[in-house]
Amino acid sequence: MNTTSLSTPPTDYELRLHGQASQVDAAAWDALLALQPRPTPFMRHAYLAALEASGSATARTGWAPRFFTLWRAGTLHAACALYVKSHSWGEYVFDWTWAEAHERHGLPYYPKAVVAVPFTPVPGTRLLARSDEARTALMRALLAWAGESRLSSLHLLFAAEGDLAAARAAGLMVRAQVQFHWHNQRPGGTQPFADFDDFLATLNQDKRKKIRQERRRVREAGVGFRVLRGREIAAADWDFFYRCYERTYLEHGNPPYLTRDFFACMQEHMPEAWVLFVAERAGRAIASSLIAVSALQTSANGQNESENIAYGRYWGALERVDCLHFEACYYQPIAWCIAHGVRRFEGGAQGEHKMARALMPVPTQSAHWLAHPAFADAVDRYLAREGQGMAQYLADLQRRNPFRQAG
């Protein structure tokens with residue numbers, strides 16, 4: 001698809017639709033991303049382009065890309081990545097029951113549109129914009145396009161607060177979920193942890209004892225770790241990581257979402273965004289985990305959160321070792337974060353078990369528009385009930401925190 005100019009809501013913006021990431025000016029996109037309050041490396045042009053170029057997120061895999069850009073006087077004022085979906089895999093905001101309800105009533109649910117980063121449940125800015133006005137104009141343009149394209153629905157996943165404000169103003173319904181994040185900050189204070197033992201000292205006795213036992217089992221099994229960052233990760237290391245990553249998916253009966261070519265693109269175009277932990281025993285690599293780190297410069301207004309955040313992403317093992325998953329995916333990354341002054345480690349979607357490792361619950365939100373009025377009304381009522389339950393669930397989790405009680 002070539003770049004296409006579209007009619008827009010009544011503004012003086014020019015709206016363009018692009019069918020490929022390569023049609024979008026990478027420098028303009030990344031400069032706009034750097035201005036956002038919650039940028040992530042997963043919204044960088046190179047990341048989104050790699051998903052497409054590697055065959056990971058394409059029309060063939062059910063992720064047909066559409067990039068919307070909003071221009072004024074030759075300057076990019078707003079942009080987003082949208083995907084036309086033929087299924088609901090790889091989103092981590094589950095709407096299977098909505099699809100089934102449509103099907104039972106003889107109505108198609110697919111294709112639908114999602115504004116998201118494929119396979120990446122990381123909260124952050126989705127509607128890149130220079131101003132609230134531009135973000136609102138972009139949101140309205142997306143809705144108009146979805147309606148004109150006769151799509152069943154539009155979904156804005158793991159969005160930042162500014163995105164949600166624009167979505168609410170446009171009439172979208174908001175849905176709450178919970179993730180688990182670790183913060184490099186002593187409870188009740190502002191100081192970061194000095195080291196891993198300092199972190200352990202803030203946990204209650206049971207949790208502290210359990211973590212020490214789990215780490216000891218890995219050491220007693222003769223497993224050590226090699227940590228590589230950026231260009232230190234050679235092609236052979238990426239090859240080994242991919243064997244581990246692929247094994248994890250295949251063991252669950254599914255092919256991996258991301259191709260080996262995707263990680264080759266990361267090695268070439270975004271090496272600084274990755275840290276690899278390689279587990280070794282008797283000189284042989286047996287497992288690995290991969291985290292991403294923010295690599296954007298703080299914007300001029302100093303308001304974004306691009307610095308000092310790590311994101312747990314992928315893991316896999318070729319040999320079974322008791323507690324190795326916890327060591328590779330939590331304890332090694334947390335120790336690395338403390339040593340490098342990283343202030344938050346986001347552990348990814350789902351998993352109450354993460355609380356035992358001091359990853360605490362935080363709310364995440366998405367926004368949804370359904371074209372069919374009756375279904376929209378039913379989903380709105382459902383989300384109101386679900387939201388009440390989610391708020392209670394979050395409060396219950398907070399009361400079960402693993403930290404020592406004061407006094």
Side-chain angles (χ1 to χ4, degrees), residues 38-42 92 120-124 158 160 177-215 218 225 227 229 273-277 279 287-295 304-315 323-365 393-406:
R38 292 198 66 182
T40 74
F42 312 105
Y92 303 94
T120 310
V122 173
F158 297 101
Q177 291 186 295
V178 173
Q179 285 191 351
F180 297 87
H181 299 171
W182 175 85
H183 291 82
N184 188 5
Q185 181 175 308
R186 296 182 64 84
T190 60
Q191 292 300 310
F193 298 113
D195 52 32
F196 197 87
D197 285 337
D198 185 36
F199 157 62
L200 281 184
T202 66
L203 303 180
N204 65 48
Q205 183 177 0
D206 288 343
K207 297 296 188 294
R208 187 165 63 247
K209 180 179 179 181
K210 182 178 179 63
I211 290 174
R212 284 173 172 159
Q213 288 176 338
E214 290 173 343
R215 302 203 78 185
V218 174
F225 278 82
V227 183
R229 183 179 184 182
W274 301 100
V275 179
L276 181 66
F277 301 87
S288 65
S289 69
L290 184 70
I291 68 172
V293 292
S294 293
N304 73 36
E305 298 183 7
S306 65
E307 292 296 308
N308 297 325
I309 302 173
Y311 310 88
R313 300 308 305 130
Y314 314 107
W315 119 281
C323 299
L324 181 55
H325 172 263
F326 301 134
E327 181 69 27
C329 295
Y330 303 117
Y331 307 144
Q332 287 288 323
I334 287 173
W336 187 90
C337 287
I338 294 172
H340 291 82
V342 174
R343 62 189 179 91
R344 186 169 74 244
F345 172 59
E346 299 188 6
Q350 305 168 326
E352 282 186 35
H353 67 276
K354 295 172 183 174
M355 284 189 65
R357 284 90 199 168
L359 280 76
M360 296 300 294
V362 297
T364 63
Q365 294 180 302
Y393 173 62
L394 184 61
D396 290 343
L397 289 176
Q398 292 285 1
R399 284 191 291 268
R400 290 157 43 192
N401 81 76
F403 294 103
R404 297 170 58 184
Q405 299 302 309

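One is the number of the first residue; the rest follow in order along the sequence. All heavy atoms count here, side chains included; hydrogens, waters and symmetry mates do not. All values derive from a computational prediction rather than experimental measurement.
- With R404 contributing its side chain and A201 its backbone, the two residues share a donor-acceptor pair below 3.5 Å.
- Ring planes of F199 and W182: perpendicular class, angle over 60° (limits at 30 and 60°).
- L397 is listed as a side-chain neighbour of F180, based on a closest heavy-atom distance under 4.5 Å.
- Contact annotation: the side chain of F403 never approaches that of N204 to less than 4.5 Å [non-hydrogen atoms, C-beta and beyond].
- When every heavy atom of P39 is checked against every heavy atom of Y311, the shortest pair comes out as O-OH, 4.2 Å.
- In this structure, Y92 has its ring center no closer than 6.0 Å to that of F158.
- With rounding to the nearest 0.5 angstrom, the CE atom of M360 is 9.0 Å from the CG atom of L394.
- Put simply, the side chain of N184 never gets that close to the backbone of P192: no donor and acceptor are under 3.5 Å apart.
- In this structure, Q332 contributes its side chain and W336 its backbone to no donor-acceptor pair below 3.5 Å.
- Of the possible donor and acceptor atoms, one in the side chain of Q179 sits under 3.5 Å from a partner among the backbone N and O of P121.
- Here the OH-CZ distance, from Y331 to R357, works out to 4.0 Å after rounding to the nearest 0.5 Å.
- With a 4.5 Å cut-off on side-chain heavy atoms, F193 and I334 do not count as touching.
- A donor-acceptor pair is defined here as one N or O able to donate and one able to accept, closer than 3.5 Å; such a pair exists between the side chain of S289 and the backbone of A328.
- At a threshold of 4.5 Å between non-hydrogen side-chain atoms, the residues R215 and I211 count as touching.
- In this structure, the side chains of R186 and D198 come closer than 4.5 Å at one or more pairs of heavy atoms.
- Using modelled atom types, one side-chain atom of K354 and one backbone atom of G347 make a donor-acceptor pair closer than 3.5 Å.
- With rounding to the nearest 0.5 Å, the separation of CG in N308 from NE2 in H340 is 11.0 Å.
- No more than 12 heavy atoms of other residues, nucleotides or ligands shown are found within 6.0 angstrom of CD on Q205.
- Atom CG of N401 sits about 9.0 Å away from atom NZ of K207, to the nearest 0.5 Å.
- No donor-acceptor pair closer than 3.5 Å links the side chain of D195 to the backbone N or O of A339.
- Judged by distance alone, the side chain of Q398 and the main-chain N or O of P361 form a donor-acceptor pair under 3.5 Å.
- Inter-residue side-chain proximity for P123 and E346 is flagged as met; some heavy-atom pair is nearer than 4.5 Å.
- Nearest heavy-atom pair across G312 and I291 is CA-CG2, 4.0 Å.
- Ring-plane geometry between F326 and H353 is classed as tilted, the angle between the planes lying from 30 to 60 degrees on a 0 to 90 degree scale.
- Rounding to the nearest 0.5 Å places CH2 of W274 at 12.5 Å from CZ of R229.
- The shortest heavy-atom contact between A358 and L203 is CB-CD2, 3.9 Å.
- At least one donor-acceptor pair under 3.5 Å links the side chain of T40 to the backbone N or O of F42.
- Atom CD1 of residue I309 and atom SG of residue C337 lie 10.5 Å apart, to the nearest 0.5 angstrom.
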